[in-house]
Amino acid sequence: MPELPEVETMVRGIRSHVEGRRIRRVRLCPCSRRPILLEPGFEQMAARAEGRKITQVWRRAKRVVLALDSDDAFVIEPRMTGLMLLDDPPSVEHLRIEWQLAGRGAYRSVWFWDRRGLGTIRLLDPQQQDEVLGPGNLGPDALDMTIADWQVICRGSSTPIKVLMLNQKKVAGIGNLYASEILHLSRIHPETRARNISRQKLRQLAENTVAVLELAIRYEGSTLSDGTYRNALNKAGGYQNAHRVYDREGEPCPTCGRSAIVRIVQSQRSTFFCRSCQRKPRGLTR
DNA sequence: ATTAATGTTCAGAA
DNA sequence: TTTCTGAACATTAA
């Protein structure tokens, strides 16, 4: 579930309670039926983190990073259903990892909860952090993308723009939900080949990417109908009420008010858009 | 019973 | 060599 706004909300939610505190213990929760995707020997490696101080909590794309004073860092990928929580989990059943915190504070632990269990947690040394979080593996953070950055990734690419927006090596942080929202606001047809998008449209794409993601962060992310996503205090986000097209097939377009939102499939993922407001450029087939 | 779900990775194809 | 597609991962709810 979590895309950039949801992961940013997790980071902001736990940061003030976690930064500066020492890790007393890292515990694999017995209640998880199967282990989450952990590196072999994770438990021994986790012991390496015990007694260390968490110096910084930050976000890279859709990952949470807990940086330690040993220069190691936990890198957490929530993927579809992972959550970082301070307490009050949605269920005890899918708690996976507990970081017990030493010293005084409002919360004794940080938890990783993951219903589907696709999320990953790794403890990485500085070199591994560079490999996993660096430009070889992830493009520029979506909030940092300039028009020039968009031009670079779109130039010469025959990939449909919506598919390209989901390629984390090109631009990092946008997921399936926000790609549809950004393209609708930008009035760009999701099947437009990236190389065919005009300079003017690229400017709108750059501006609306930041606008949509920042607004979604302000609303603390999107909690969809299955209710899975919660912030660090197990409260639902609010941006789903502002969705223009995502999961709104058949509803009238909020821009033109006449055409109905349609759903198509690209790269095995649903895309939602308005056929009236989002047109492909005419006369360009290559 | 079947299908789809906010993500990523891998093998194999183009 | 690069880019792209489909399947897989595990769980749940409609």
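Atom set for the values below is all heavy atoms of this structure, side chains included, hydrogens, waters and symmetry mates excluded.
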Check your understanding: Thinking salt bridges, do A/E181 and A/R244 make one under a 4.0 Å N-O criterion?
Key -> no

Review point. Has A/K62 got a side-chain N or O lying under 4.0 Å from the OP1 or OP2 atom of B/dT6?
Key: no

Revision key, fill the gap. Picking from B/dT6, C/dA10, C/dT12, the nucleotide nearest the side-chain atoms of A/E93 would be C/dT12

**Study point:** Sequence neighbours excluded - side-chain hydrogen bond (donor to acceptor under 3.5 Å, both in side chains) pairs with any residue from residues 167-176 of chain A
**Key:** A/K162-A/N176

Point to revise | Distance in angstrom units between A/R115 CZ and C/dA13 C1', rounded | key: 8 Å

Check your understanding: Are A/H94 and C/dT12 close enough that a side-chain N or O sits under 4.0 Å from OP1 or OP2?
Key -> yes

Exercise for review: Return the value, rounded to whole Å, for the distance between atom OH of A/Y239 and atom C1' of B/dT6.
Suggested key: 14 Å

Revision key, fill the gap. When rounded to whole Å, the CZ to P distance for the pair A/R63 and B/dT6 reads 18 Å

Check your understanding: Between A/I76 (CD1) and B/dG7 (P), how many Å, whole number?
Key -> 18 Å

Check your understanding: Should A/D247 and A/R263 count as an ion pair when the cut-off is N to O under 4.0 Å?
Key -> no

Review point. Counting side-chain heavy atoms from CB outward, which of C/dC9, C/dT3, B/dA5 is closest to A/K170?
Key: C/dT3

Exercise for review: Find the distance A/D114:CG to C/dC9:C1' and express it as a whole number of Å.
Suggested key: 11 Å

Exercise for review: Decide if atom CZ of A/R22 counts as having more than 12 heavy atoms of other residues, nucleotides or ligands within a radius under 6.0 Å.
Suggested key: yes

Practice item. Calculate the interatomic distance between A/Q168 atom CD and B/dT6 atom C1'; express it in whole Å. Key: 12 Å

Point to revise | Residue A/R108 excluded, over 12 heavy atoms near CZ under 6.0 Å | key: no

Check your understanding: Is atom OH of A/Y219 surrounded by more than 12 heavy atoms (other residues, nucleotides or ligands) closer than 6.0 Å?
Key -> no

Point to revise | Ionic contact status for A/R52 with A/D69, cut-off 4.0 Å | key: yes

Review point. Are the charged groups of A/E8 and A/R12 less than 4.0 angstrom apart, N to O?
Key: yes

Exercise for review: Could you check which residues of residues 263-272 of chain A get a heavy atom under 4.0 Å from DNA chain B? Sort them by number, please.
Suggested key: A/R263, A/R269, A/S270

Point to revise | Whole-Å gap separating P (B/dT6) and CD1 (A/I182) | key: 15 Å

Check your understanding: Heavy atoms under 4.0 Å, any strand shown: does A/Y178 hit a base, just sugar-phosphate, or nothing?
Key -> nothing

Check your understanding: If a stem is a run of at least 3 consecutive Watson-Crick or G-U pairs, both distances under 3.5 Å, which stems include DNA chain B?
Key -> B:2-5 with C:11-14, B:7-14 with C:2-9

Check your understanding: In whole angstroms, how far is the C1' atom of C/dT12 from the CG atom of A/L224?
Key -> 14 Å

Point to revise | salt_bridge(A/E3, A/K62) N-O dist < 4.0 Å | key: no

